[in-house]
Amino acid sequence: MTVNLLDFDLEGLTAFCERLGEKRFRAVQLFRWIHQKGASRFDQMTDLAKSLRERLPGQCEIRGLQVLSQQESADGTIKWLFDVGDGNAVESVYIPEDNRGTLCVSSQAGCAVGCRFCSTGHQGFSRNLSTGEIVAQLWFAEHFLRQRQGSQERVISNVVMMGMGEPLQNYSALVPALRTMLDDHGYGLSRRRLTVSTSGVVPMMDRLAKDCPVALAVSLHAPTDALRDELVPLNRKYPLGELLDACGRYLPHAPRDFVTFEYCMLDGVNDRPEDAQALIALLRRHGGNGVPCKLNLIPFNPFPDSGLACSPRQAVLKFARLLNDAGIVTTVRKTRGDDIDAACGQLAGDVLDRTNASERMSRRRVEAREVPVTFHRT
Ligand code: SAH
Ligand code: SF4
């Protein structure tokens, strides 16, 4: 397949241009045309030497993702479903707020971690997205929104890697994508406004700290190894003690001075007052002076066949109060719009039904969303 320029961070694009005998400043020009101006064709790039403009189409292309559907909530939340080929699709969600716009981006088609409460996890793993496929979600959303708003100004100020997939299990594609998002010639996001959320791939957390330290969110979900082993199977490989130690090692490199822990509230599973006490004890043990953190409680978003239910509102509030009283800053993830299906953990979207090869092209709709859209705030 032809080289896709969305696969390159600026360093990669520079190397590519050098192979074509072009200088670095040409790579910067190209990069800016693509990411800052949203160009998808070389003939749009008017200040590029004509000879290069004519030569590039034979060497490479700017290949975005095909949009399969777009759904918009009354409150402005937008969900896109993108085709990534072979019957796989991934979703991105745009969440506008007064003073910022956040895009929730996918890193894999499906996910191999297989968390009990996650619809993506239930789908199983299809494949890693390429750097270009990760970046294409932002490239499309940013320029679509700018065009719609008739604005030259940046619309998306924050990106959270909280869509489908475990970003740290797709590390080599993730890092150049993050660099493109951060680059002043690209999207110019600040490190504090770019968040990687992980279920706890400990060795890759250490690598991220060195290679590209951005804000970190860690999906905790349980106060004990016994329970976390059940909810997040990766815990059997990297148990809580190791995970919290890795958070402690990450923080000195991080753009924020705390880690956000995410905790999905599951009725009767991890939401009782004794769970709150165990969590307080865990975070004090490792927290104390070790891991400054904030806790974000996410009401569970149900999906078919999960066998789980969302904690009652009262239980969520009580849990939050216990944690806050113990000095652990705890928020409940804000709920937005209830008319599109964009909630975290529900991003299976329209996916290929892998259970029946003869129905390969039939798309299965994930239904039964009684709960309003929640979005990811770190
Ligand atoms: N794989 C990464 C990032 C994607 S999931 C991770 O697990 O961190 C983003 C967040 O949504 C995670 O905190 C995840 O635990 C949470 N989540 C998954 N399924 C959910 C569901 N059904 N309801 C609420 N939150 C869910
Ligand atoms: Fe994968 Fe995250 Fe879902 Fe777990 S919660 S299955 S790690 S996407």
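Atoms within each ligand, like the ligands themselves, are counted from 1 in listed order. Here the structure is a predicted model, which means the values were calculated and not measured.
Looking at heavy atoms from C-beta onward, V93 lies out of side-chain contact with W80 at the 4.5 angstrom threshold.
Residue G165 places a heavy atom less than 4.0 Å from ligand 1. Taking 4.0 Å as the cut-off, G114 counts as a neighbour of ligand 2 on heavy-atom distance. Under a 4.0 Å heavy-atom criterion, S306 is not in contact with ligand 1. Contact annotation: M164 has no heavy atom less than 4.0 Å from any atom of ligand 1.
Residue-level proximity to ligand 1 for N301 is carried by backbone and side chain together, each with a heavy atom below 4.0 angstrom. When heavy-atom distances to ligand 2 are checked against a 4.0 Å cut-off, C111 comes that close only through its side chain, counted from C-beta outward. By the criterion of a heavy-atom distance under 4.0 Å, neither the backbone nor the side chain of V113 is placed next to ligand 1.
Within ligand 1, the atoms closer than 4.0 Å to a non-hydrogen atom of I298 are 13 (O), 24 (C), 25 (N), numbered from 1 in the order shown. Interface atoms of ligand 2 facing G121, defined by a heavy-atom separation under 4.0 Å, are 6 (S). For ligand 2 and S199, the ligand atoms under 4.0 Å from any heavy atom of the residue are 7 (S). Counting the atoms of ligand 2 from 1 in the order shown, those under 4.0 Å from a heavy atom of G165 are 8 (S). Distances below 4.0 Å separate heavy atoms of E262 from the following atoms of ligand 1: 10 (C), 12 (C), 13 (O). Interface of C264 with ligand 1, defined as ligand atoms under 4.0 Å from a residue heavy atom, comprises 23 (N), 24 (C), 25 (N). Short contacts between ligand 1 and H221, defined as distances under 4.0 Å to a heavy atom of the residue, involve ligand atoms 13 (O), 14 (C), 15 (O). The contact set between ligand 1 and C118, taken as ligand atoms under 4.0 Å from a residue heavy atom, comprises 18 (C), 19 (N). Of all atoms in ligand 1, numbered sequentially from 1 with element shown, those under 4.0 Å from a heavy atom of T198 are 6 (C), 8 (O). Below 4.0 Å from some heavy atom of M161 lie the following atoms of ligand 1, by number and element: 3 (C).
Side chain of D86 to main chain of N88: no donor-acceptor pair is present (N/O by atom type, distance under 3.5 Å, no hydrogens or angles). Side-chain N or O atoms of E72 include none that pairs as donor or acceptor with a backbone N or O of I78 at under 3.5 Å.
Within a 6.0 Å sphere centred on CD of Q147, other residues, nucleotides and ligands contribute 12 heavy atoms or fewer. Surrounding NZ of K237 are at most 12 heavy atoms belonging to other residues, nucleotides or ligands under 6.0 Å away. For CD of E274, the number of neighbouring non-hydrogen atoms (other residues, nucleotides, ligands) closer than 6.0 Å is greater than 12.
Under 4.0 Å is where a charged nitrogen must lie from a carboxylate oxygen, and between E18 and R24 no such pair does. Between R127 and E133 there is a salt bridge, since a side-chain N of the basic residue sits under 4.0 Å from a carboxylate O of the acidic one. Using a cut-off of 4.0 Å between Lys/Arg side-chain N and Asp/Glu carboxylate O, E22 and R53 are scored as not salt-bridged. The pair R228-D225 does not count as a salt bridge, with every side-chain nitrogen at least 4.0 angstrom from each carboxylate oxygen.
Rounding to the nearest 0.5 angstrom, the gap separating the CZ atom in F261 from the CG atom in L323 is 11.5 Å.
Backbone and side-chain nitrogen or oxygen atoms of P299 are examined, and none is located within less than 3.5 angstrom of a nitrogen or oxygen of ligand 1. Where the criterion is an N or O separation shorter than 3.5 Å, residue side chain and backbone included, S197 meets it with respect to ligand 1. The N/O atoms of S119, backbone and side chain alike, include none that comes under 3.5 Å of an N/O atom in ligand 1.
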Show the numbers, then the answer: is there a side-chain hydrogen bond (donor to acceptor under 3.5 Å, both in side chains) between Q29 and R26? CA-CA 5 Å; Q29 273 184 314; R26 290 285 178 220; 2.7 Å; yes
